[in-house]
S.K.: 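Quick one: structure below, then a few questions.
Count residues from 1 along the sequence.
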Amino acid sequence: MIEARRLHILRAVADHRTVTAAAAALYLTPSAVSQQLAALEQETGHRLVERSARGVRLTAAGDILLTHANAVLAQLERAESELAAYGSGEAGTVTVAAFATGIGLVVAPALTALARTAPGIRIHVQDAEGDASLLMVLDRQVDVAVAVEYRGAPGADDPRLTRVPLYAEPFDAVLPPGHRLAEAARVAVADLAQDPWIGPYPGNPCHDVVVLACEYAGFQPRLEHSSDDFRAVVALASAAAGVALVPRSALRDMDLTGVVVRSVDDVAPTRRVFAAVRRGAEDHPLFRPVLAALREAAASQG
């Protein structure tokens, strides 16, 4: 008999690609993870993982079992949801991981609405970048992620997650006040090919948006300054350190007197934001109102 707990460990190893990283995510020791994998291999009669100096990858048998593990774990989430509904599920705690701008734009308004419509639900919020929050959901560290589309993000058909679209917003060009395009009504990304750039670090979903926009315009941006804090990005632009593309919502309520902000010509780079829960958990009586409140908060942004 295969234990569901070991299937969860197998999925964590597949997601994190090393035993050490999977163990940290699951709050286990690496030896405990290795022991559980060995027990799972004994239960199935197949070698499931291959270790190398670069980490761990699943064998063909491991990939087969992972497909079934995703289905089994989703069904267990549905069982928990139905049991919670049977027990009313009107009170409890939901943990939400979201990036900073998403917290201000949709999570905080959702909390205000839930205080009126579902006062028995307590929300704990954790600040996490849009790519990190998805793994936190899969590792059961949090219940709901507010995440951003990025290169390599789990797709809408991913068997591990259920996604709820929230909003999409354009990036605006942020230029030093003396920039040659400061008087233009709109700015084409291609016209910034020779400028030094300021942007988020690799791994941040917004970094992917910026790089892809530049690649689409036919060049690789010369990133001379890096920060995941858009206030720092704007401050550097005001010091004539370079140009940047910044999500429009991140510029709200920011002092922009030292920079020039222009809409992007042609097809503007876009940040697409969604909420995600483990597949099968979308109808949990605690999670369902939270997802609904996030959708309503996003819709109210217009």
Side-chain angles (χ1 to χ4, degrees), residues 98-109 127-133 146-151 153 166-274 297-298 300-302:
F99 57 100
T101 308
I103 291 173
L105 202 62
V106 294
V107 177
D127 189 336
E129 288 299 337
D131 53 339
S133 62
V146 175
V148 178
E149 282 285 4
Y150 60 95
R151 189 160 23 190
L166 294 179
Y167 64 91
E169 62 171 327
F171 281 54
D172 289 327
V174 178
L175 313 174
H179 194 273
R180 65 187 181 282
L181 298 176
E183 301 302 320
R186 299 172 66 86
V187 173
V189 174
D191 291 338
L192 303 174
Q194 302 306 314
D195 287 276
W197 280 73
I198 312 157
Y201 285 101
N204 185 316
C206 289
H207 174 89
D208 285 348
V209 175
V210 171
V211 171
L212 286 171
C214 294
E215 289 177 353
Y216 184 78
F219 69 97
Q220 286 284 339
R222 180 161 49 93
L223 282 164
E224 293 196 355
H225 309 280
S226 298
S227 175
D228 288 334
D229 184 336
F230 288 118
R231 293 185 182 277
V233 170
V234 169
L236 288 168
S238 71
V243 300
L245 292 174
V246 177
R248 186 165 293 170
S249 66
L251 295 172
R252 293 184 185 180
D253 304 319
M254 196 184 294
D255 182 4
L256 301 174
T257 54
V259 295
V260 174
V261 178
R262 294 289 181 264
S263 297
V264 174
D265 208 0
D266 298 324
V267 180
T270 302
R271 173 160 72 172
R272 303 186 186 280
V273 179
F274 60 93
S300 70
Q301 298 299 321

S.K.: Is any side-chain heavy atom of F230 closer than 4.5 Å to one of L251?
M.R.: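 No, every pair of side-chain atoms sits at 4.5 Å or beyond.
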S.K.: Below 4.5 Å, heavy atoms only, C-beta onward: do F171 and V246 meet side chain to side chain?
M.R.: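 F171 vs V246: side chains apart.
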S.K.: Are L166 and V146 packed together at the side-chain level, in the sense that at least one heavy-atom pair is separated by less than 4.5 angstrom?
M.R.: yes
S.K.: Output, in order, the C-alpha distance, side-chain angles, deciding distance and verdict of side chain to side chain contact (heavy atoms under 4.5 Å, CB included) for V261 and R248.
M.R.: CA-CA 10 Å; V261 178; R248 186 165 293 170; over 6 Å; no
S.K.: Is any side-chain heavy atom of P176 closer than 4.5 Å to a side-chain heavy atom of V260?
M.R.: no
S.K.: Are the side chain of H207 and the backbone of P200 linked by a donor-acceptor contact shorter than 3.5 Å?
M.R.: yes
S.K.: For a 4.5 angstrom cut-off between non-hydrogen side-chain atoms, does E149 reach F274?
M.R.: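 E149 reaches F274 side chain to side chain.
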S.K.: Do D265 and V187 come close enough that some side-chain heavy atom pair is under 4.5 Å?
M.R.: no
S.K.: How many angstroms lie between CG in D172 and OG in S263, if you round to the nearest 0.5 Å?
M.R.: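 Answer for the CG-OG pair, D172 versus S263, is 5.0 Å.
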S.K.: Backbone N or O of A182 within a donor-acceptor pair of the R262 side chain at under 3.5 Å?
M.R.: yes
S.K.: Got a second to check how far L223's CG is from W197's CH2, nearest 0.5 Å?
M.R.: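 Those atoms lie 8.0 Å apart.
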S.K.: Mind checking the CG-CD spacing from L175 to E183? Nearest 0.5 Å is all I need.
M.R.: 11.0 Å
S.K.: Given the rule in the side chain to side chain contact (heavy atoms under 4.5 Å, CB included) test, do V209 and T270 qualify, once you have shown the distances and angles that lead to the verdict?
M.R.: CA-CA 7 Å; V209 175; T270 302; over 6 Å; no
S.K.: For a quick test of reading the model, state the closest non-hydrogen atom pair linking V259 to S238 and the distance between them.
M.R.: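 V259 and S238 have their closest heavy atoms at CG1-N, 3.5 Å.
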S.K.: Would you name the heavy atoms of A298 and Y167 that are closest together and state the gap between them?
M.R.: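 For A298 versus Y167, the nearest heavy atoms are CB-CD2, 4.1 Å.
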S.K.: For V233 and S227, work out which heavy atoms get closest and say how close.
M.R.: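 Looks like CG2-O, 3.7 Å.
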S.K.: Which pair of heavy atoms, one from P196 and one from R222, lies closest together, and at what distance?
M.R.: N-NH2, 3.5 Å
S.K.: Under a plain distance cut-off of 3.5 Å, with no hydrogens placed, do D195 and H179 share a side-chain donor-acceptor pair?
M.R.: yes
S.K.: Looking at every non-hydrogen atom in both residues, tell me the closest pair between A241 and I198 and how far apart they are.
M.R.: C-CD1, 4.2 Å
S.K.: Is it the case that D255 and T257 place a side-chain donor and acceptor less than 3.5 Å from each other?
M.R.: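 On atom types as modelled, these side chains qualify, holding a pair under 3.5 Å.
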S.K.: How about V264 and V189: do any of their side-chain heavy atoms sit closer than 4.5 Å?
M.R.: yes
S.K.: Is Y216 atom OH crowded by more than 12 heavy atoms from other residues, nucleotides or ligands, each under 6.0 Å away?
M.R.: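 Atom OH in Y216 is not packed in, count stays at 12 or less.
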S.K.: Drop me the distance from F99's CZ to N204's CG, to the nearest 0.5 angstrom.
M.R.: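 Spacing of CZ (F99) from CG (N204) equals 9.5 Å.
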S.K.: Mind listing the closest non-hydrogen atom pair of A237 and V174 along with its distance?
M.R.: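 Nearest pair, atom of A237 first, then V174: CB-CG1, 3.9 Å.
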S.K.: Measuring only between side-chain heavy atoms, which start at C-beta, is E169 closer than 4.5 Å to R271?
M.R.: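 Yes - at least one pair of side-chain heavy atoms lies under 4.5 Å apart.
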S.K.: Working to the nearest 0.5 Å, report the span between CG of L192 and SG of C214.
M.R.: 7.5 Å
